[in-house]
Amino acid sequence: MSGDQLHNDSQIEADFRANDSHKHKDKHKDREHRHKEHKKDKEKDREKSKHSNSEHKDSSEKKHKEKEKTKHKDGSSEKHKDKHKDRDKEKRKEEKSKSSGDVKIKKEKENGFSSPPRIKDEPDDDGYYASPKEDSKPLKRPREEDDDEYKPKKIKTEDIKKSKKRKQEEEEDNKAKKTKSKDKKVPEGDNKKKKQKKEEEQKWKWWEEERYPEGIKWKFLEHKGPVFAPPYEPLPENVKFYYDGKVMKLSPKAEEVATFFAKMLDHEYTTKDIFRKNFFKDWRKEMTSEEKSTITNLNKCDFSQMSQYFKAQSEARKQMSKEEKQKIKEENERLLKEYGFCIMDNHKERIANFKIEPPGLFRGRGNHPKMGMLKRRIMPEDIIINCSKDSKVPPPPPGHKWKEVRHDNKVTWLVSWTENIQGSIKYIMLNPSSRIKGEKDWQKYETARRLKKCVDKIRNQYREDWKSKEMKVRQRAVALYFIDKLALRAGNEKEEGETADTVGCCSLRVEHINLHPELDGQEYMVEFDFLGKDSIRYYNKVPVEKRVFKNLQLFMENKQPEDDLFDRLNTSILNKHLQDLMEGLTAKVFRTYNASITLQQQLKELTTPDDNIPAKILSYNRANRAVAILCNHQRAPPKTFEKSMMNLQTKIDAKKDQLADARRELKSAKADAKVRRDEKSKKTVESKKKAVQRIEEQLMKLEVQATDREENKQIALGTSKLNYLDPRISVAWCKKWGIPVEKIYNKTQREKFAWAIDMADEDYEF
DNA sequence: GTGGTTACTTAGTACTCCATTA
DNA sequence: TAATGGAGTACTAAGTAACCAC
């Protein structure tokens, strides 16, 4: 298959799939919503479902309350997994029996889903793709050697010489800074340049140093603690809240929560029943008893004045003078300078998120049962500080104290707290450019490269396991095949009712796949349709091997749509097995491996040596896109997409006219030169020629831009670029073809991948 | 084997800022 | 000079997976 073909096919696929996906997104959501609601409603509601909407809502709310009560009363029953599962299955069964009458949805689904298979290339023989040839070239740097990864990790201590050198350098740097501040005679521009140069020279190459022993994350850590959200500022007197048409002054606490809702009034969220219900419940908790007895119906609340006030405020912010904006900018910079960095082992490192999340309303993704709940304000008393014993512990704000100060150098976080919505722990950690994150990232790609070496063996093994006598082994083998072939996520188990109903490979249910012995002229087709991470829909039709198909039929035998497809499997079983096959191997390594290897293959196929730089970059983006499609990285089409495409087209048309004019002028200049035969007219011809060339180039650039943008409409390239693609592949490609790395990675990305930019040469092979 | 907890990576979206254009 | 648009950034939700106790 040629590069072009591949590109075109994948593009068509992408468009089909993306259109499909968005067309049906809402329907899907509706269906999912019904699914959940019905689960809650159980038997009694079966009858009621025929009744009016409002009735249905009321009863479901009651049921929900009952459910919550029983949850609290009888926690033990909740804990028992099998019972739990069985009950879910029962509920799902009921839901299914109800929704089976939903002809409309089914019909539309049949009509709408026509995307071609979206899989990686496979040779015809066995539906199995060969891994690329392994490269035996020695890698330049010692730490790139895979052997390093194979051996059980040796305990390494920091090279004394190096650390001494580092200290020396730092001291010199400090001296230099001092003298620089004294020296006022040097012109500022010069100073800046020098400073920049110096900074570049002094970028710490942690990747050239020894790693710490396994488990030790740092030896010294000092920071200033977190920045708390600004306190609530009460609304001005003239901004009123109305209840049932009458002005009502709210207590500060209730008012603050009301403003959260008012700020979101234009958002679709605030029209959703669950959101409103959750918000109202939590809002009432913040009210005084008087307010509670008055405000009993959210529909009677009028937040419009508040909403307008915030809109006016944001408008005023936009209209601020340059000076005012500058002042704010400076204040932010000051905050960043003070709290945005820490000292970790002799190095100043940037902190990723030093600000504590402000209070507000929880905005889950997809059909989240907790959307609208109040995310409470985090106080110093909620905060755990982590730093080294010999560091200066950050002082809590006056009149407050920390929940705890600990000195745990086996973890990377500086600050943590527990949020109130899911009860999960949130952390303040370092920036991706830091040593601690970079090292981990590098390690991740090294693990994926190790997988490359044994992936053939693993593939042979799971193919064998499709024939196993043990059901558990067969399920494991088929699931692994999907994870490998389709880059599916592992699919951990989730607590029912706590999050949106999304799945990954191991948690797929029977209802998420459809088997077609023949479809679109191909045999043994599996049709996937489920909501994955972030409730992004995964829809794909894939031809599989006969044995896989037969196994799937077996797994689905005597099961209901809401039953687990792989009922003998979970991620922990799968990962334990993978661990036996290769040290450090887990399900997610396959995603990294397949993404990176795909990029490398695609770059080889798509890059045309004679192309100019913009065309080569288009090829790069196409290779990147192939990965994004594989990993199902979608985005909502930008709101201004159509408009901006139209503008671009207008520009292209204008450029075409300009080109036509220029060509005409060139032609007449040539004719003129033929007659006159003098130097002057020759020169004119030359300059006209150049003008044509220049315009041609400009036109080409615009056209490339248009193609790229169109192909990217619903595909997000960033996620794979940042998390799945070994940056050394991109760096090597840039070096090989003389493309400035800035064209591929922006400043932040270059900082994150500094290690790769420094160490990869053009021969690098993933 | 299970459930709970913890630590960390991966993810999409909303917002901000700055360059370009009218 | 204001409007526009797009790249880059901030934010934080939602995953994966390890570990531990039972």
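So that the names make sense, note that chain A is the first sequence line, chain B the second, and so on, each numbered from 1. Since the structure is predicted, the reported quantities are computational estimates derived from the model, not experimental observations.
Residue contacts shown for A/Phe362 are limited to sugar-phosphate atoms, with no base heavy atom under 4.0 Å away. Within the 4.0 angstrom heavy-atom criterion, only backbone atoms of the sugar-phosphate kind lie near A/Lys375; the bases stay farther away. Using a 4.0 Å heavy-atom cutoff across all strands shown, A/Lys440 reaches sugar-phosphate atoms only and no base atom. Using a 4.0 Å heavy-atom distance criterion, A/Thr412 is classed as a sugar-phosphate-only contact. Within 4.0 Å of A/Ala587, counting heavy atoms only, lie sugar-phosphate atoms of the nucleic acid but no base atom. Among the atoms of the strands shown, none is found under 4.0 Å from any heavy atom of A/Pro432. In this structure, A/Gly532 reaches the sugar-phosphate backbone alone: every heavy-atom distance under 4.0 Å involves primed, P, OP1 or OP2 atoms, never a base. A/Lys217 comes within 4.0 angstrom of the backbone, heavy atoms only, and of no base. Residue-level contact check: A/Asn492 touches the bases, meaning some heavy atom is under 4.0 Å from a base atom. Looking at heavy-atom distances under 4.0 Å, A/Gly491 makes contact with sugar-phosphate atoms alone, never a base.
Residue A/Lys444 has no polar side-chain atom (N or O) positioned under 4.0 Å from OP1 or OP2 of B/dT9. For the pair A/Lys437 and B/dT9, the criterion of a side-chain N or O lying under 4.0 Å from OP1 or OP2 is met.
For A/Trp413, taking side-chain heavy atoms from C-beta onward, the closest of the listed nucleotides B/dG12, B/dG1, B/dA7 is B/dA7.
With sequence neighbours excluded, the residues that form a side-chain contact (heavy atoms from CB on, under 4.5 Å) with A/Ala479 are A/Cys505, A/Phe566, A/Leu569.
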Taking only nitrogen or oxygen atoms into account, show me every contact under 3.5 Å that the protein makes with nucleotides 18-22 of chain B, one pair per line with its distance.
from	atom 1	to	atom 2	distance (Å)
B/dC18	OP1	A/Lys329	NZ	3.3

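Judged purely by distance below 3.5 Å, without hydrogens or angles, the side chains of A/Thr502 and A/Lys494 pair a donor atom with an acceptor atom. There is a side-chain donor-acceptor pair under 3.5 Å between A/Gln326 and A/Glu330. A donor-acceptor contact closer than 3.5 angstrom is absent between the side chains of A/Ser596 and A/Tyr445.
The nearest whole Å value for the distance from the CG atom in A/Asp441 to the P atom in B/dT10 is 7 Å.
Just one residue in the list A/Lys403, A/Arg376, A/Lys426 forms a side chain to side chain donor-acceptor pair (under 3.5 Å) with A/Asp382, and that residue is A/Arg376. When each of A/Lys327, A/Arg334, A/Lys329 is paired with A/Glu331, the side chain to side chain donor-acceptor pair (under 3.5 Å) condition holds for A/Arg334 and for no other.
Taking the charged nitrogens against the carboxylate oxygens, A/Asp567 and A/Arg509 have no contact shorter than 4.0 Å, which rules out a salt bridge.
Put simply, the side chain of A/Lys533 and the base of B/dT10 share a donor and an acceptor less than 3.5 Å apart.
Read 5' to 3', the first and last nucleotides of DNA chain C with an atom closer than 4.0 Å to a heavy atom of chain A are C/dG5 to C/dA18.
A cation-pi contact, defined as under 6.0 Å to the ring centre and within 45° of the axis, links A/Arg211 to A/Trp442.
For A/Pro369 against A/Glu498, the heavy-atom pair with the smallest separation is CG-C, 3.8 Å.
In terms of position on DNA chain B, the residue among A/Ile425 and A/Arg489 whose nearest nucleotide sits closer to the 5' end is A/Ile425. Closest-nucleotide positions on DNA chain B for A/Ile573 and A/Leu722 were compared, and the one nearer the 5' end corresponds to A/Ile573.
Judged by distance alone, with hydrogens and angles left aside, the side-chain atoms of A/Gln634 form no donor-acceptor pair with the main-chain N or O of A/Ile536 at under 3.5 Å.
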